Amino acid sequence: MGNKLFTEILENAPANEPERQFYFIEQIKALLDVKKGEGYEAKAMVTVIGCQMSAKDGEKLQGILQEAGYSITEKEEEADVILFTTCTVRENANQKLYGRIGQLKHLYQRNKDLIIGITGCMMQEKDEVETIQRKYPYVHLIFGTHNIYKLAEYLLETMLSKEKKVELLEDSAEIVENLPSKRKYSFRAAVNISFGCNNFCTYCIVPYVRGREKSRDSQEILKECEALVADGVKEIMLLGQNVNSYGLDKKEECSFPELLAKIAKLPGLKRLRFMTPNPKDFSDELLQVMKENENICNHIHLPLQSGSTAILKRMNRHYSKESYMALVKKIREVLPDVSLTTDIIVGFPGETEEDFQDTMEVVAYSKFDSAFTFQYSKRTGTPAAKWEAVPEDVVKERFQRLLEHIRLHSEEREGRDLGKVMEVLVEEKDKESENMLTGRLSNNVLVHFEGGERLIGEIVPVRLDKSMGFYYYGSVL
Ligand code: SF4
């Protein structure tokens with residue numbers, strides 16, 4: 001019966017996107033309206049595991065679910081639909097997902113109508129999908145990164161047929177725009193400018209699971225940003241695996257600095273950030289655009305990964321120790337107040353003490369405001385996974401030395417804005433203390449200060465009274 005109904009619905013579905021998905025959203029809505037009349041509450045939960053891309057996918061899933069008539073809950077025991085969006089960059093993220101879906105078994109046993117679905121990077125890996133199907137038969141919905149936009153179609157089919165739906169695409173030819181998305185914060189939003197990556201760093205799984213790089217149409221990006229500003233968004237973060245190569249896959253498209261400049265000029269946009277630029281193609285033009293537009297935030301996250309030219313070559317990063325340091329010098333000349341952060345991997349296969357010393361030298365030179373440091377861990381499916389590992393005790397010891405070294409050199413830049421009055425975008429209530437709020441400076445540094453909840457989402461002047469290293473205590477003026 002369900003299958004027959006779905007076949008009928010399918011026959012009338014428009015072929016074009018996004019009209020097709022809006023059609024399925026309406027069908028779910030109609031179905032839920034009937035069930036709601038019988039006391040059904042229609043609640044859904046979306047759990048994000050992983051990076052900012054995954055978080056953005058989570059917002060898209062929530063947007064579609066809400067448009068279809070679901071209300072969002074944080075409690076799995078009251079949800080009728082539970083979706084996970086996953087990340088597979090680190091292998092332990094996979095274990096986290098297995099733990100979570102294992103815990104859902106008892107809920108499914110109590111409620112056989114519960115629909116559990118998983119999407120995201122991890123579902124682009126065949127072995128993981130097989131494991132889920134074998135070990136967690138109560139997961140009904142599995143789809144990958146290229147077809148997230150089809151949630152409504154898959155969900156409706158599962159609701160009506162009660163059968164499993166698994167659809168994984170190797171790549172997608174089109175970027176489907178203008179589907180609903182539900183922002184986590186009313187005042188801050190992330191906007192994808194491109195999907196996938198062409199770089200094939202030898203430790204990274206992203207190009208295999210997210211596919212080749214595809215830039216969105218700049219007009220579509222601008223339209224989305226404009227609508228966000230009109231909706232009260234003060235800060236936009238542009239997202240891409242390598243924002244610097246934006247547009248290179250399309251003949252007529254503008255470059256990243258041109259796109260950034262156009263967005264920065266949108267009336268009413270207070271802050272604009274981007275993530276992540278690759279040092280290999282960071283242009284002078286980009287620095288100029290940052291300098292000329294005050295609302296572009298004073299922060300650059302510039303992943304180093306290693307300071308050794310030999311290791312960078314093995315990593316396939318396409319820059320050297322010298323070119324990275326020259327770039328840092330140039331950045332500091334053009335933007336002297338910029339906050340510079342980075343990512344560093346310690347113990348990449350083949351890393352010698354000499355290579356590690358090169359990393360230490362670049363850290364001392366760059367004086368990062370902060371650094372995300374990782375001990376190299378093998379990521380199955382990447383070229384580096386087959387290479388001989390550096391002994392664990394050596395990696396651990398280097399890692400400790402690096403942490404201390406970073407701390408020492410970042411101290412030189414800490415507290416440099418002490419006593420100044422700076423603009424803070426107020427993000428939330430302080431988790432630690434009553435009557436306190438937490439917000440961020442343009443350079444991404446956190447500030448805690450006393451204030452009422454009504455300030456959340458506002459940009460307010462705050463005097464920075466006390467430096468605590470990575471953050472400040474201040475008072476709102
Ligand atoms: S640039 Fe390298 S590290 Fe970043 S997503 Fe692409 S392959 Fe992975």
Side-chain angles (χ1 to χ4, degrees), residues 52 56 59 181 183-194 215-216 218-240 243-244 246-247 254-277 282-302 330-341 369 416-417 420-428 437-447 449 455-464 472 474 476-477:
Q52 277 163 321
K56 179 72 193 169
E59 290 187 353
S181 177
R183 293 196 308 276
K184 190 169 171 204
Y185 297 98
S186 61
F187 52 89
R188 202 169 69 186
V191 172
N192 295 112
I193 63 165
S194 59
S215 301
R216 282 181 66 197
S218 56
Q219 289 310 318
E220 291 292 342
I221 299 172
L222 270 164
K223 255 199 270 166
E224 183 178 343
C225 292
E226 222 169 339
L228 287 168
V229 175
D231 197 32
V233 165
K234 298 203 167 63
E235 179 177 299
I236 289 179
M237 162 80 93
L238 303 178
L239 287 182
V243 290
N244 291 342
Y246 171 81
C254 64
S255 68
F256 177 60
E258 286 164 348
L259 175 71
L260 194 65
K262 282 186 200 168
I263 299 172
K265 301 231 157 27
L266 286 177
L269 177 60
K270 303 282 187 225
R271 285 185 176 186
L272 180 58
R273 299 183 184 276
F274 56 88
M275 187 95 131
T276 307
F282 200 110
S283 65
D284 293 355
E285 202 190 342
L286 176 55
L287 282 180
Q288 278 314 315
V289 170
M290 289 185 75
K291 191 177 170 180
E292 284 160 16
N293 292 278
E294 265 200 17
N295 57 353
I296 300 180
C297 288
N298 214 1
H299 173 217
I300 298 175
H301 185 73
L302 193 69
K330 202 188 307 170
I331 290 173
R332 296 240 185 260
E333 278 165 9
V334 181
L335 306 166
D337 293 331
V338 81
S339 148
L340 206 58
T341 57
D369 288 76
R416 64 184 183 278
D417 293 317
K420 288 187 192 165
V421 174
M422 294 179 85
E423 290 198 329
V424 172
L425 173 57
V426 189
E427 294 188 345
E428 55 197 357
L437 298 170
T438 299
R440 236 168 250 276
L441 299 172
S442 156
N443 65 13
N444 215 32
V445 171
L446 283 176
V447 184
F449 57 96
L455 292 181
I456 293 176
E458 298 297 321
I459 294 183
V460 294
V462 174
R463 193 182 52 240
L464 308 178
Y472 289 97
V476 67
L477 298 184

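The figures here come from the full heavy-atom set of this structure, side chains too, leaving out hydrogens, waters and symmetry mates. Treat the numbers as computed from the prediction; the structure is a model and nothing was measured.
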Please identify each residue that fulfils side-chain hydrogen bond (donor to acceptor under 3.5 Å, both in side chains) with T276, with sequence neighbours left out.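 T276 satisfies side-chain hydrogen bond (donor to acceptor under 3.5 Å, both in side chains) with no residue once adjacent residues are dropped.
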Can you name the nearest heavy-atom pair linking [X] to [Y], along with the distance?
X	Y	result
V447	G474	CG1-N, 4.2 Å
V338	H299	CG2-N, 3.7 Å
G247	S215	N-OG, 2.9 Å
G268	V229	C-CG1, 3.7 Å
V243	F274	CG2-CD1, 3.9 Å
L228	A189	CD1-CB, 3.8 Å

Where do D417 and Y472 land on the side-chain contact (heavy atoms from CB on, under 4.5 Å) test, with the steps shown first? CA-CA 9 Å; D417 293 317; Y472 289 97; 3.6 Å; yes
In Å and rounded to the nearest 0.5 Å, what is the [atom1] to [atom2] distance from [X] to [Y]?
X	Y	atom1	atom2	answer
Y185	E59	OH	CD	10.0 Å
H301	L340	NE2	CG	9.5 Å
T438	I456	OG1	CD1	9.0 Å
M422	S442	CE	OG	7.0 Å

I'd like to check [X] versus [Y] (side-chain heavy atoms, cut-off strictly below 4.5 Å). Are they in contact?
X	Y	answer
L269	C225	no
L302	I331	yes
E224	R216	yes
N444	R273	yes
L441	L464	yes
I221	I263	yes
R188	E427	yes
V476	L437	no

Pairs of donor and acceptor atoms involving the side chains of residues 285-294, under 3.5 Å and at least two apart or interchain, shall be tabulated with distances.
residue	atom	partner	partner atom	Å
N293	OD1	K265	NZ	3.0
N293	ND2	V289	O	2.9

Could you check whether any side-chain N or O of [X] sits under 3.5 Å from a backbone N or O of [Y], counting only pairs where one atom can act as donor and the other as acceptor?
X	Y	result
N295	L272	no
K56	A190	yes
Y246	S218	yes
K234	E458	no

Evaluate side-chain contact (heavy atoms from CB on, under 4.5 Å) for D337 paired with N443, printing each intermediate quantity in order. CA-CA 9 Å; D337 293 331; N443 65 13; over 6 Å; no
Apply side-chain contact (heavy atoms from CB on, under 4.5 Å) to I193 and F256, showing your working. CA-CA 9 Å; I193 63 165; F256 177 60; 3.7 Å; yes
Please indicate whether K420 has more than 12 foreign heavy atoms, meaning atoms of other residues, nucleotides or ligands, lying under 6.0 Å from its NZ.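 Yes.
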Considering residues at least two apart in sequence or located in another chain, which fulfil the salt bridge (charged side-chain N to carboxylate O under 4.0 Å, His left out) criterion with E220?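 Only K223 meet the salt bridge (charged side-chain N to carboxylate O under 4.0 Å, His left out) criterion with E220.
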Give the intermediate values and the outcome of side-chain contact (heavy atoms from CB on, under 4.5 Å) for residues R183 and V233. CA-CA 10 Å; R183 293 196 308 276; V233 165; 3.5 Å; yes
